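A short worksheet on the structure shown next.
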Amino acid sequence: MNYKSVKGTADILPAPAGSIELRQAMESISQDVFQRFGYREVRTPIIEERSLFVKSIGEETDIVTKEMFSFKDRGEREIVLRPEGTAPIVRAYLEANLHKTDAFQKFYYIGPMFRAERPQAGRMRQFHQIGAEAIGSGLPEIDAEIIRLLAALLDAMKIRGYKIRINNLGCKDDKAGLSKTLRTILDKEKNALCDDCKKRLDKNPLRVLDCKNESCRTMVRSVFKSVKFLCENCEGHFKKVLACLDDLNIKYELDPFIVRGLDYYTQTVFEVTHPELGSQDALGAGGRYDNLISDMGGPELGAAGFALGVERILIVAAKQEAAAYPDDKKVIYIATMGEAAKKKGFGLLDSLRGGKWEKKMSFDMDYENKSLKAQMREADKLGAKLVLIIGDDEIAKGEVMLRDMMTKEQQSVKFDDVARTIKGKI
Ligand code: AMP
């Protein structure tokens, strides 16, 4: 074979080669949960102008400096494959003037994101996120709802053992103050920092706080403990968020070293990790971004959101046997013997496919004149609950032989009664 998928990308095939069924189940579970929480879907384009992310995520962030797939289109415009979902949704919200009709809106998205990172377990160049954004409110209840929603999604997907860690970065001024303080404290200990952090100290000192390098971690943990940087307002906001989470019985840990890599975060930030994930242990993350809407030319409105990594959830699901999300589809197979039966079966197949069904159904038959034994094997492989067998005898009597694949019981059913009988048995 001459062609392979591009490095860091993967095909998502049906079982047993792949696991598209699991993803579809995850998407459908997510859609149900989002609906319960009043979030509506938005689908933004895969490509965006580069400047959207430079402005929102920040010029000095890893994503912007080294991880975006960017190119110039024929009109010399700088285009990127979207690396994340928040900035595009805020752009879409402002572009459609949604803030003028009803400023507070709750959205969700499910789709691919692209980052040119070094591929490894749990880290792809095309990966998928399930995310939510509650735009237009600065209220602490929203921070709590967003975290509740994230937990509800993971619970509905039967993911157990995840940990939610929360921090508050404060408002823009608090963040600036903290950066300044960190620069001053850490400058004295510069030699203990890794090369990346030495650069960060200058441009984005907050990032030193979540550096994974052991020496940076130890040093930062020894000097950072007593730094107080939140203004009264932000402290009050955070207290209310935590009180709401307590009311909702959500378990969390406070972690002053969560800063999130992106510039737009203010106030509450959080990460969800899972011990089954190894070094790339984040299942998802999010937080409040109260300045992004105005920074992008909109009004002063608060917002909060999160994104969960689909591939990471699948890694955990596989290890926890949660991978068996309920597949409630009922498969019906038509097995035929002879040309006349095949013709009859083909017609029956089409009328069943076009019928009204309350449950999720799948109907299939063999077109290749396989032996009855081979057709029964195929029905078994597809997980058929019922098989409708048609041969010359059945055609003569205007019936099908209906076989229950679990109980192995068979019964004759008149053609006109087939749909009704199936309904009674599924
Ligand atoms: P971030 O926007 O970087 O916080 O990403 C949110 C979530 O998306 C992470 O917690 C991961 O679960 C997932 N994620 C981010 N980058 C990647 C990647 N390169 N490959 C797979 N999943 C990713």
Side-chain angles (χ1 to χ4, degrees), residues 5-10 12 19 23 26 30 44 46 48 52-53 56-58 60-69 80-90 108-133 146-147 149-151 153-154 157 159 161-167 169 204 206-207 209-212 255 257-265 268-289 292 303-319:
S5 58
V6 172
K7 185 176 172 187
T9 70
I12 306 161
S19 59
R23 289 178 185 245
M26 274 171 67
S30 306
T44 62
I46 302 292
E48 292 278 357
L52 171 67
F53 298 104
S56 57
I57 299 176
E60 299 302 334
T61 54
D62 289 350
I63 292 184
V64 167
T65 54
K66 48 189 185 198
E67 292 170 4
M68 287 203 294
F69 283 97
V80 294
L81 302 186
R82 64 181 190 192
E84 59 102 55
T86 303
I89 291 217
V90 171
Y108 78 86
Y109 59 90
I110 300 177
M113 304 294 162
F114 304 83
R115 294 185 199 170
E117 296 185 89
R118 194 168 54 79
Q120 52 180 281
R123 204 197 257 175
M124 310 275 297
R125 291 187 167 178
Q126 175 175 337
F127 57 101
H128 298 77
Q129 288 186 335
I130 297 177
E133 313 291 347
I146 277 284
I147 294 171
L149 173 56
L150 179 149
L153 284 166
L154 291 174
M157 291 176 199
I159 301 295
Y162 59 85
K163 275 207 167 68
I164 302 175
R165 284 151 50 236
I166 307 184
N167 189 23
L169 297 174
N204 195 356
L206 286 184
R207 288 301 313 282
L209 290 181
D210 73 347
C211 179
K212 299 276 185 283
D255 183 341
F257 299 100
I258 293 181
V259 295
R260 311 285 301 114
L262 322 183
D263 275 6
Y264 56 61
Y265 284 113
T268 314
V269 282
F270 52 88
E271 279 181 9
V272 188
T273 54
H274 202 290
E276 296 275 19
L277 281 175
S279 66
Q280 303 296 317
D281 69 347
L283 271 179
R288 190 160 261 299
Y289 48 95
L292 182 57
F306 67 78
L308 280 166
V310 171
E311 284 74 12
R312 306 252 175 111
I313 298 176
L314 285 171
I315 293 174
V316 177
K319 293 192 174 157

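Every value quoted in this text rests on a predicted model; they were computed, and no experiment measured them. The analysis underlying the following values was restricted to heavy atoms, covering all of them including side chains, and did not include hydrogens, waters or symmetry mates. Ligands are counted one by one from 1 in listed order, and the atoms in each one are counted from 1 as well.
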Side chain, backbone, both or neither: which part of Met113 comes within less than 4.0 Å of ligand 1 when only heavy atoms are counted?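 No part of Met113 comes within reach of ligand 1.
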Any atoms of ligand 1 less than 4.0 Å from a non-hydrogen atom of [X]? List them with their elements.
| X | result |
| --- | --- |
| Leu283 | 10 (O), 12 (O) |
| Ala307 | 6 (C), 7 (C) |
| Arg260 | 1 (P), 2 (O), 4 (O) |

Please list the nearest protein heavy atom to [atom] with its residue and the distance rounded to 0.1 Å.
| atom | result |
| --- | --- |
| atom 23 (C) of ligand 1 | Phe127 CD1, 3.4 Å |
| atom 20 (N) of ligand 1 | Met124 N, 2.8 Å |
| atom 5 (O) of ligand 1 | Gln129 NE2, 3.3 Å |

Look at Arg118 together with Glu67 and state whether they make a salt bridge at an N to O cut-off of under 4.0 Å.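 Salt bridge between Arg118 and Glu67, a charged N being under 4.0 Å from a carboxylate O: no.
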Please report the C-alpha distance between Arg23 and Glu311 in whole Å, then the side-chain angles of each, then the deciding distance to 0.1 Å, and finally whether the salt bridge (Lys or Arg N to Asp or Glu O under 4.0 Å) criterion is met. CA-CA 9 Å; Arg23 289 178 185 245; Glu311 284 74 12; 3.2 Å; yes
Considering Gly8, Gly85, Gly122, Ala121 one by one, which has a heavy atom nearer to atom 21 (C) of ligand 1 than any of the others?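 It is Gly122 whose heavy atom sits nearest to atom 21 (C) of ligand 1.
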Any nitrogen or oxygen of [X] lying under 3.5 Å from a nitrogen or oxygen in ligand 1? Just yes or no.
| X | value |
| --- | --- |
| Ala285 | no |
| Leu262 | no |
| Ala282 | yes |

